[in-house]
Q: 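Got a structure here, written out as structure tokens. Questions coming.
Numbered from 1 within each chain, the chains take letters A, B, ... in sequence-line order. Just so you know, these numbers come straight off a predicted model, no measurement behind them.
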Amino acid sequence: MKPVLEILEQRISDTLAKVSGLPNCPAVVRMATDPKFGDYQVNGVMAAAKQLKTNPRQFAEKLVAELKLDDICQAPEIAGPGFINLRLTPEFLANALMNIHRDANLGIEKTQAPQTVVVDYSGPNIAKQMHVGHLRSTIIGDCICRMLESLGHNVIRQNHIGDWGTQFGMLVQYLYQKTAAATNSSDPAAIEKALQNIHIADLEDFYQQAKKLDDEDEAFRSAARQRVVELHTGQNPLTLTLWRQIVNESRKHYLPIYQALHITLKAEDERGESFYADKLESVVKQLQDGSMAVESDGAVCVFPEGFTNKEGAPLPFIIQKSDGAFLYATTDLAAMRFRLKDLHANRIIYVTDARQALHFKMLFAVATMAGWADDSVKLEHVTFGTMLGTDGKPFKTRTGGTVKLAELLDEAIQRARDVVEQKNPELPEEKKAQIAAAVGIGAVKYSDYSNNRDSDYIFSFDKMLAMDGNTAPYMQYAYARIKSIERKAEGKDVNVQAELSSIAQIALTDPAEIDLAKHLIRYGQSIQNAAIECRPNYLTNYLYELSGAFSRFYNACPVLQTEGPIRAARLLLCDLTARTIRHGMSQLLGIDVPEQM
RNA sequence: GUCCCCGUAGCGCAAUGGAUAGCGCGUUGGCCUCCGAAGCCAAAGGUUACAGGUUCGACUCCUGUCGGGGACGCCA
């Protein structure tokens with residue numbers, strides 16, 4: 001179903017072009033800013049009148065005389081300096097509602113031009129536990145994927161995990177020493193067996209200790225360096241086994257967290273740094289052959305136009321260090337080339353924090369210089385603000401003391417559990433546990449989604465888990481109340497499904513019914529808006545407004561105390577609201593909506 | 001020094017160039033013999049940091065200033 005806004009924009013723009021004779025003059029139809037201005041407003045008249053040097057109100061009258069909208073709207077009204085206010089007819093609204101009612105897809109319009117969109121998000125570091133700093137990329141990226149898919153795009157998820165680099169030489173060597181010492185043997189089979197007992201928490205500890213040894217112990221450092229070489233050449237199977245074990249162990253840590261958060265990333269979406277390790281040389285060579293990369297202070301650099309450093313000199317994008325090693329810039333270029341040439345991406349979305357903005361700007365510039373990306377592909381860096389502590393300072397990354405994601409989620413669930421216990425002590429234990437998980441994790445995700453992603457994010461349990469206002473529990477509560485009505489209906493011998501499927505036409509009379517209906521028919525539009533800008537908070541705003549409209553309806557319009565067509569219409573509104581909330585929360589945000597809470 | 005983000009009610013935050021800038025918390029006052037009060041209704045609270053500019057119209061776009069954060073040659 002095409003969004004009403006789009007239909008109006010199209011039709012009015014056509015008429016506007018005809019009446020004005022102006023080639024490029026959009027109608028600019030928007031949601032009305034105030035209910036008293038109707039449902040939609042046309043803002044383009046003033047601009048057109050300006051170009052024609054005519055009085056906007058008079059021009060609006062001319063336009064209105066030519067408009068044919070009576071199948072959608074009541075007679076248009078001209079207001080203010082030259083706005084045209086549009087009000088949907090009850091018939092149109094009722095029909096639109098019936099169409100959505102019959103549509104399993106809730107009226108979400110699939111795109112006419114599906115794209116292949118690569119979304120790069122989450123990217124945890126191997127051998128480290130996920131901490132709060134990973135949360136935003138992971139959940140924002142996931143929502144973007146889900147929204148784009150719901151609109152019919154082909155989304156390719158890429159989890160660019162940090163599974164490669166010199167620190168793995170260190171880690172492998174340390175792990176080797178540790179297991180060799182534990183087994184009192186350097187026999188590969190024995191070491192491999194000892195590895196079974198190594199867990200992510202140990203690995204993290206190992207990392208600290210390995211780093212210390214690397215700083216202090218000459219012999220260790222050279223052994224670690226040898227491991228790096230072996231990783232690259234693959235000549236020592238034991239080194240690769242140790243490395244693989246580290247990655248596997250890490251995966252065992254983060255996949256359950258994805259599962260708890262309802263993140264759609266799968267193991268097969270992993271395309272980490274190691275995947276590109278053997279492609280880095282050719283990236284550098286290609287850029288050198290094209291005379292784009294040049295030697296500078298011993299390093300290989302690209303100097304894209306328009307970037308300068310503190311001294312005003314050209315800013316290098318370093319792709320190979322003076323010691324011959326490659327950097328993350330090189331890996332990102334290799335990934336970019338792979339995504340464009342092998343995955344055939346039309347659009348690539350990188351979901352990382354805003355501090356990397358310059359890096360991505362330069363990356364995009366270099367990819368364009370190299371001729372990999374042209375105007376037909378869209379490269380986007382979807383940024384988000386920094387995770388801050390309540391003291392307003394960023395979380396530390398390399399040391400301990402950061403909040404582990406797993407622990408955060410546990411606490412969120414526990415806090416939600418306390419509320420459930422207080423509100424609904426009579427529920428069975430199993431239900432309480434389900435609800436606590438849905439509410440606790442939902443609250444954490446939702447509080448992030450509902451913020452403008454550009455803002456810095458102050459981490460606070462109390463704020464994340466507050467359950468008033470624009471929060472996940474508000475939507476979950478609205479949903480649970482609808483489900484409760486449905487259960488009550490069965491107790492009163494009302495067959496909800498039969499009644500719903502027998503409805504051929506509905507009439508809406510109460511203002512709260514009409515308002516709710518108007519929200520319901522805007523769902524697809526709201527997803528589009530959120531997806532274009534990659535802004536989940538647009539979607540949460542919509543869901544919050546929808547739930548608000550439902551709560552007012554719920555207060556004003558009893559369902560089961562009525563009967564006949566009025567009850568049927570209200571049941572339909574309830575059912576559609578429930579389906580929309582469930583779809584938005586569960587399908588697009590990955591937040592569970594329990595039947596009871 | 002250059003560049004990026006932020007600055008909106010006491011606090012936390014919204015607002016696709018449109019009309020009288022919204023919501024939550026907090027404060028004050030209403031609403032459960034009525035489908036779930038994790039709810040609804042109402043009141044109070046604003047020079048959208050500041051100064052210019054573009055525009056018929058600016059929280060939104062442009063320039064500058066101030067304040068906060070961040071990035072800027074071999075980390076990721």
Q: Quick check: A:F317 with A:F303 (ring centres under 6.0 Å apart)?
A: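 They do not qualify: ring centres at least 6.0 Å apart.
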
Q: Within the sub-3.5 Å range, which N or O atoms of nucleotides 23-29 of chain B have a protein N or O partner, and how far apart are they?
A:
| residue | atom | partner | partner atom | Å |
| --- | --- | --- | --- | --- |
| B:rC23 | O2' | A:Y544 | OH | 3.3 |

Q: Is a salt bridge present between A:D448 and A:R136, judged by a nitrogen-to-oxygen distance below 4.0 Å?
A: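 Answer for the salt bridge query: yes.
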
Q: Taking both distances under 3.5 Å as the test for a Watson-Crick or G-U pair, what stems of at least three pairs does RNA chain B have?
A: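 Stems found: B:1-7 with B:66-72, B:10-13 with B:22-25, B:27-31 with B:39-43, B:49-53 with B:61-65.
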
Q: Summarise how protein sits on nucleotides 57-62 of chain B as a single string, 5' to 3': B when a protein heavy atom is under 4.0 Å from the base, S for sugar-phosphate-only contact, - for no contact.
A: ------

Q: Under the criteria of a ring-centre distance below 5.5 Å and an interplanar angle below 30°, is A:F83 stacked with the base of B:rA19?
A: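 Stack criterion met.
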
Q: Answer with base, sugar-phosphate or nothing: what part of the nucleic acid does A:P316 contact at a heavy-atom distance below 4.0 Å?
A: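 Base: the residue A:P316, judged by heavy atoms under 4.0 Å, touches a nucleobase.
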
Q: Using the side-chain heavy atoms of A:Y538, tell me which of these nucleotides is nearest: B:rG39, B:rA15, B:rA76.
A: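 The answer is B:rA15.
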
Q: For B:rC32, measure the glycosidic angle (O4'-C1'-N9-C4 for a purine, O4'-C1'-N1-C2 for a pyrimidine) and name it syn if it falls within 90° of 0, otherwise anti.
A: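 The base of B:rC32 is oriented syn (glycosidic angle within 90° of 0).
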
Q: Nearest to the side chain of A:D454 - B:rC5, B:rC13, B:rG36?
A: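 Nearest nucleotide to the side chain: B:rC5.
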
Q: Going by modelled atom types, is there a donor-acceptor pair between the base of B:rA71 and the side chain of A:Q356 at under 3.5 Å?
A: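 Check fails, no donor-acceptor contact within cut-off.
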
Q: Rounding to the closest angstrom, what is the interatomic distance between B:rA19 and B:rA58 at atom P?
A: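 That atom pair is separated by 10 Å.
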
Q: Looking at B:rA71, does its base get a donor-acceptor pair with the side chain of A:D353 below 3.5 Å?
A: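 In this structure, the two groups form no donor-acceptor pair.
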
Q: Base, sugar-phosphate, or nothing: which does A:K488 touch, judged by heavy atoms less than 4.0 Å apart?
A: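 Sugar-phosphate contact only.
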
Q: Determine, for A:D297 against A:K321, whether the closest basic-nitrogen to carboxylate-oxygen distance falls under 4.0 angstrom.
A: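 No salt bridge links A:D297 with A:K321.
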
Q: Looking only at side-chain atoms of A:S455, point me to the closest of B:rA37, B:rA14, B:rC74.
A: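 Within the option list, the nearest is B:rA14.
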
